[in-house]
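Notes to accompany the following structure.
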Amino acid sequence: MATSNTPTKKRDTWGSKLGFVMAAAGSAVGLGNIWKFPYTAGESGGGAFVAIYLVFVIFIGFSVMLTEFAIGRRAAVSAASAFKSTDRRWTFVGVIGVVSGLLIMGFYPVVGGWSIAYIFKVSTGLLNTPEAIGDSFGGFISNPVQPLMWMGLYLLLNVFIVVKGISGGIEKAGKILMPLLFAILILVAVKGLSLPGASAGLEFLFKPDFSKVDSSVVLAAMGQAFFSLSLGMGCMMTYGSYLKKKENLVQTTAMVTAMDTGVAILAGVAMFPAMFAFNMEPSAGPGLVFVVVPQLFAEMGGLIGLMLALLFFVGLSVAALTSSVSLLEVVVSYLIDEKGMKRRTAVISSSIFMAMLCVFSSLSLGGVGPTLFDTGAFDIFDLLTDKIFLAVGGMLICIFAGWRLNRSDLEKEITNDGEISFPLFGLWYNLVKFVIPAAIAIVAFTGIKAGFDSGKGEIMLIGVGIIGIAALLSKKL
Ligand code: PFF
């Protein structure tokens with residue numbers, strides 16, 4: 001991460017900081033921003049969801065990310081070991097993070113596989129029949145075999161990158177392709193906005209109608225903030241452990257948060273105006289990006305539309321890879337540090353397990369396979385992680401920082417021993433110690449309660465139970 005052989009001290013600091021920001025942003029910006037954010041906003045009523053999401057990002061996301069960076073840099077070891085070395089009773093928080101990583105990797109590669117498949121589909125004529133794009137997506141994801149092959153390919157790419165330890169290479173690809181993806185998103189947004197009837201989409205996205213808000217929308221917005229910023233499972237803590245002492249944690253956190261949120265909002269602007277123009281339902285669900293974006297490119301037509309569509313899905317696949325590699329790494333570094341496994345064994349065994357979970361997830365979208373409370377595997381893994389494990393994990397990380405660590409140690413860590421001024425330290429500390437844990441507990445509690453109406457409450461409650469059991473077993477973990 002650091003480039004200590006650069007000639008001047010100033011350039012050195014800047015260079016390594018940018019490298020770190022890009023790595024952390026690589027983890028944060030992924031399918032969560034471009035695939036999940038728009039469809040969740042669409043299903044949750046639009047503007048009000050977006051407004052609540054932004055409040056969570058600013059007050060909770062920013063503070064939790066700063067906390068994770070600070071704990072990680074202070075401990076300089078992977079997340080589970082960081083908790084364990086401070087207090088064994090807290091080991092379970094790290095372990096829950098590892099379980100979250102496993103479960104997210106139980107559906108993320110399925111969608112990553114779709115993204116790679118779309119590179120292929122676009123190049124073999126998908127855009128030629130715009131009216132069939134929607135049905136083609138529905139047919140594709142409910143096919144029992146095809147998506148599994150793409151998922152396998154996607155997972156293999158992850159294995160290859162993490163076994164070889166060449167995440168540096170993928171980060172480099174990300175450095176070029178992510179700005180490119182950003183630029184394409186801007187183009188898509190401009191195209192979408194130019195269509196007749198597009199302004200209704202902007203209104204849907206930015207004009208909050210709070211009468212549509214209930215506790216499940218608030219929980220969805222909170223979960224989305226954690227998922228999108230890669231928080232609550234020790235991922236950013238692990239990244240923080242590689243950070244140099246002299247770097248400015250507050251500034252870094254602000255940059256990563258701003259980039260991540262910018263991409264999510266841009267993805268929304270790229271999709272909703274076009275959807276309204278095409279008379280599609282905003283609650284179209286997980287297929288949104290795979291249907292709206294190709295339709296827009298088909299509308300553009302010609303070679304330009306084709307090239308941009310190709311670049312879009314290449315960019316999306318790389319953005320997904322830089323995120324899933326960080327998820328896999330959380331699991332792998334735990335197996336290496338705590339279970340004494342070799343890197344290769346750790347990567348291969350965890351990805352075989354992930355592949356099995358992904359098979360269930362993928363099949364569940366075609367209505368095949370076991371269900372729990374009428375919910376298929378894909379939705380179960382998503383519900384457990386995004387709505388419960390990440391948010392409750394974030395809550396526990398805050399409680400750990402606020403009540404188990406020293407205020408003055410945290411202040412020293414965040415201000416680099418007083419070299420950097422952080423006038424909002426007191427506010428941050430009180431947020432982390434009191435406000436955030438209470439807010440998460442309330443949102444999770446009311447969200448779970450509301451979830452019973454739609455049959456999701458039971459599953460979320462099981463998630464809470466798993467955390468409880470892990471806490472009781474903590475000393476054995
Ligand atoms: N933040 C990633 C995304 O938005 O796609 C997903 C993710 C990565 C979640 C790493 C959690 C994590 F630890």
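Remember, it's 1-based here, ligands and their atoms both numbered in the order they're listed. Scope of the values below: all heavy atoms of this structure, side chains included, with no hydrogens, waters or symmetry mates.
- No more than 12 heavy atoms of other residues, nucleotides or ligands lie within 6.0 Å of CZ in Phe360, so this atom counts as exposed by the packing criterion.
- When the shell of 6.0 Å around CZ of Arg344 is examined, it contains 12 or fewer heavy atoms from other residues, nucleotides or ligands.
- For ligand 1, the 4.0 Å heavy-atom shell contains residues Ser27, Ala28, Gly30, Leu31, Gly32, Asn33, Tyr108, Phe227, Ser228, Ser230, Met233, Cys235, Ser323, Ser326, Leu327.
- A salt bridge does not link Arg73 with Glu247: none of the charged nitrogens is closer than 4.0 Å to a carboxylate oxygen.
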### Task
Take Phe204 and Phe272 through the test ring-ring contact (aromatic ring centres under 6.0 Å, His included) and record every step on the way to the result.
CA-CA 8 Å; Phe204 176 80; Phe272 285 102; 5.2 Å; yes

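- For Glu458, the CD atom counts as densely surrounded, since its 6.0 Å shell holds more than 12 non-hydrogen atoms of other residues, nucleotides or ligands.
- Annotation for Phe140: atom CZ counts as buried by contact number, over 12 foreign heavy atoms lying within 6.0 Å.
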